[in-house]
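Taking it in order: structure first as structure tokens, then the write-up.
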Protein chains: 2
Amino acid sequence: MIGAGNVATKLGKTLFLKGFKIVQVMSRTQKSAESLASIIGARAISEFSEIIPDANLYLISVPDDAISEIVSKIKPVHGIVAHTSGAVGMDILQKSSGSFGVFYPLQTFSKFREADFSVIPVCIEASDSETRQNLADIASQISKDVRFIDSFQRSRIHLAAVFVNNFTNYMYTLGEEILDKNDISFDILHPLIRETAEKIQQQNPRKAQTGPAIRNDKKVILKHLGMLKDEPEIQKIYQLISEQISKSSIKKS
Amino acid sequence: MIGAGNVATKLGKTLFLKGFKIVQVMSRTQKSAESLASIIGARAISEFSEIIPDANLYLISVPDDAISEIVSKIKPVHGIVAHTSGAVGMDILQKSSGSFGVFYPLQTFSKFREADFSVIPVCIEASDSETRQNLADIASQISKDVRFIDSFQRSRIHLAAVFVNNFTNYMYTLGEEILDKNDISFDILHPLIRETAEKIQQQNPRKAQTGPAIRNDKKVILKHLGMLKDEPEIQKIYQLISEQISKSSIKKS
């Protein structure tokens with residue numbers, strides 16, 4: 001395991017629990033390498049020179065910006081070199097010695113939440129078909145949802161993930177801010193947020209759309225814009241999204 | 001029950017199952033009144049003149065625009081007249097004969113999904129304290145989460161709900177569109193969407209924010225804007241939300 005952050009930790013723990021032997025955990029600092037290594041029976045290292053050459057898999061799980069440096073510093077190895085990033089193409093690994101690929105678990109990971117890998121889609125891409133199969137075999141041990149996805153598609157999945165994860169979370173933040181200002185506890189929205197997410201597991205979101213914008217209910221929209229008059233930027237977000245939703249309703253009918 | 005739509009149906013069924021006697025279901029058409037009335041042991045009616053005057057509660061659960069007309073047409077009754085709307089103030093009921101109030105279950109209801117009212121917040125407001133207590137007593141029979149919320153606060157909750165429900169659902173739609181164009185099945189995002197919603201039940205969304213915008217990762221943001229070049233309006237949404245998220249990160253630090 002190269003990296004000891006959130007993804008490396010969740011992935012390392014899960015692989016370990018599924019019976020994989022994690023030989024080494026490498027991180028910039030010995031201390032962070034140790035904190036992961038100690039719980040998955042691995043040796044902690046912090047120098048490239050310490051990396052053993054005969055592991056089956058070298059999993060690079062670090063911030064996107066750091067991948068390139070790692071690939072250039074890693075010495076020739078026998079096993080597969082793979083990264084776990086959604087946004088970075090497979091090309092970046094071409095400088096590595098032998099077979100390489102991508103092992104991208106499509107999920108948001110938090111320190112304080114357990115990750116159930118069995119339902120997490122793992123997107124696989126590889127330099128050759130044998131490597132592809134090897135990576136898929138490993139992924140199948142931890143997940144029921146293994147997919148072959150090339151770098152182009154993965155970059156689009158990552159963009160879509162920004163909308164449904166990052167931007168959705170920002171919608172939650174705006175909801176929280178509106179309630180905060182009016183001394184209402186955010187937890188009143190928890191069941192609604194949960195149901196909104198559950199609903200589209202059964203029905204596609206286009207069909208699930210409700211609210212003033214899809215009804216083109218100008219009275220309510222104007223009332224809401226009025227409530228946001230002191231926050232012109234949030235007002236602009238409200239207006240722009242509402243316009244788009246209204247347009248999509250016209251397209252449909 | 002006045003109304004036989006989604007909210008009326010879910011609410012009517014739940015009250016019925018909790019032992020409340022639903023005397024009548026009124027709807028514009030006899031047929032839709034009957035479809036609900038038949039499953040909750042009530043009589044279906046479609047004329048205002050048929051409304052009995054001695055029920056304890058007259059629950060108006062119709063589209064917002066229709067409430068005013070119903071209030072003006074309903075003849076004097078002895079029980080409480082209440083509506084179930086998030087966006088409409090309590091004032092609208094002032095023309096009704098006696099005590100009145102609001103009984104607003106804060107949730108999104110779909111035909112094909114069961115609603116678990118026990119966890120749905122019910123927001124209560126009333127013309128007087130006795131009515132308030134009566135409505136709260138009824139709400140407590142179906143939900144563990146009953147709150148006293150006035151019309152001003154309720155209007156803000158409704159605005160916040162537009163962000164976390166309607167706009168979030170639109171973010172899902174954009175995610176789906178991006179995948180559709182690249183022949184990737186939307187279900188690959190289901191676990192991510194679910195986890196994004198679950199996460200903020202434990203941690204506030206401001207702290208849960210991740211992604212290129214909060215990191216101010218201009219390289220990835222530019223790449224994403226490039227991918228959206230053929231959809232200037234979606235590009236604009238991406239840009240506007242990313243700017244706001246980036247700003248919030250500056251405010252924090």
Side-chain angles (χ1 to χ4, degrees), chain A residues 87 106-108 110 112-113 119-121 153 156-157 159-176 178-179 182 184 186 188-197 199-206 208-213 220 224 227 233 236-237 240-241 244-245, chain B residues 87 106-108 110 112-113 119-121 153 156-157 159-176 178-179 182 184 186 188-197 199-206 208-213 220 224 227 233 236-237 240-241 244-245:
Chain A
L106 176 52
Q107 186 53 289
T108 175
S110 332
F112 62 95
R113 299 224 358 125
V119 296
I120 296 175
Q153 284 182 311
R156 267 59 189 178
I157 292 171
L159 173 61
V162 166
F163 281 96
V164 308
N165 170 248
N166 304 158
F167 291 177
T168 285
N169 187 75
Y170 187 62
M171 296 300 124
Y172 300 161
T173 301
L174 293 180
E176 186 184 33
I178 292 165
L179 296 191
N182 293 284
I184 303 156
F186 179 62
I188 200 171
L189 293 178
H190 284 178
L192 178 62
I193 286 172
R194 182 173 273 154
E195 178 63 15
T196 305
K199 207 173 182 171
I200 56 87
Q201 318 268 332
Q202 287 173 253
Q203 185 183 39
N204 80 54
R206 206 176 322 224
Q209 190 66 53
T210 57
V220 171
H224 284 167
M227 293 181 197
E233 280 152 335
K236 210 167 137 193
I237 289 177
L240 189 59
I241 296 178
Q244 285 307 113
I245 295 174
Chain B
L106 175 52
Q107 186 53 289
T108 174
S110 332
F112 62 95
R113 302 231 348 133
V119 296
I120 296 175
Q153 283 184 312
R156 268 57 189 178
I157 292 171
L159 173 61
V162 166
F163 280 95
V164 307
N165 169 250
N166 303 158
F167 292 177
T168 285
N169 187 75
Y170 187 62
M171 296 301 125
Y172 300 160
T173 302
L174 294 180
E176 187 183 34
I178 292 164
L179 296 191
N182 293 285
I184 304 156
F186 179 62
I188 200 171
L189 293 178
H190 283 180
L192 178 62
I193 286 172
R194 181 172 276 154
E195 178 63 15
T196 305
K199 209 173 182 171
I200 55 87
Q201 319 266 332
Q202 287 173 253
Q203 185 184 38
N204 81 54
R206 206 178 319 225
Q209 189 65 53
T210 56
V220 171
H224 284 166
M227 293 180 195
E233 279 151 335
K236 210 167 135 191
I237 289 177
L240 189 58
I241 296 179
Q244 285 306 114
I245 295 175

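Order of the sequence lines sets the chain letters (A, B, ...), proteins ahead of strands, with each chain counted from 1.
- If you measure heavy-atom distances from B:F186 to chain A, the contacts under 4.5 Å come from the side chain alone.
- Here the straight-line distance linking atom CD of B:E176 with atom CZ of A:R206 works out to 5.0 Å at 0.5 Å rounding.
- At a 4.5 Å heavy-atom cutoff, the contact between A:Q244 and chain B is made by backbone and side-chain atoms alike.
- Counting heavy-atom pairs closer than 4.5 Å to chain B, the top residue among A:N169, A:I178, A:T173 is A:N169.
- Looking only at heavy-atom pairs under 4.5 Å with chain A, the residue among B:I184, B:I120, B:V220 that has the most is B:I184.
- Only the side chain of A:R113 comes within contact range of chain B, with at least one heavy atom under 4.5 Å from a heavy atom of that chain.
- Contact record, B:P191 with A:Q107: O-NE2, 3.2 Å, taken as the closest heavy-atom pair.
- Annotation: maximal heavy-atom pairing with chain B below 4.5 Å, among A:L174, A:N166, A:V162, occurs at A:N166.
- Here the closest non-hydrogen pair linking B:A197 and A:R194 is CB-CA, 4.4 Å.
- A donor atom on one side chain and an acceptor atom on the other are found under 3.5 Å apart for A:N165 and B:T196.
- The distance from the OG1 atom of B:T168 to the CD1 atom of A:I200 is 10.5 Å, given to the nearest 0.5 Å.
- With chain A as the partner, the residue from B:I237, B:V119, B:I188, B:T108 showing the most heavy-atom pairs under 4.5 Å is B:I188.
- Note that CZ of A:F163 and CG of B:L189 are 12.0 Å apart. Values are rounded to the nearest 0.5 Å.
- Note that CD of B:Q153 and CG of A:N182 are 7.0 Å apart. Values are rounded to the nearest 0.5 Å.
- Both the backbone and the side chain of A:Y172 come within less than 4.5 Å of a heavy atom in chain B.
- Counting heavy-atom pairs closer than 4.5 Å to chain B, the top residue among A:Q202, A:K236, A:R156, A:Q203 is A:R156.
- Interface residue B:Q201: backbone and side-chain heavy atoms are both found under 4.5 Å from chain A.
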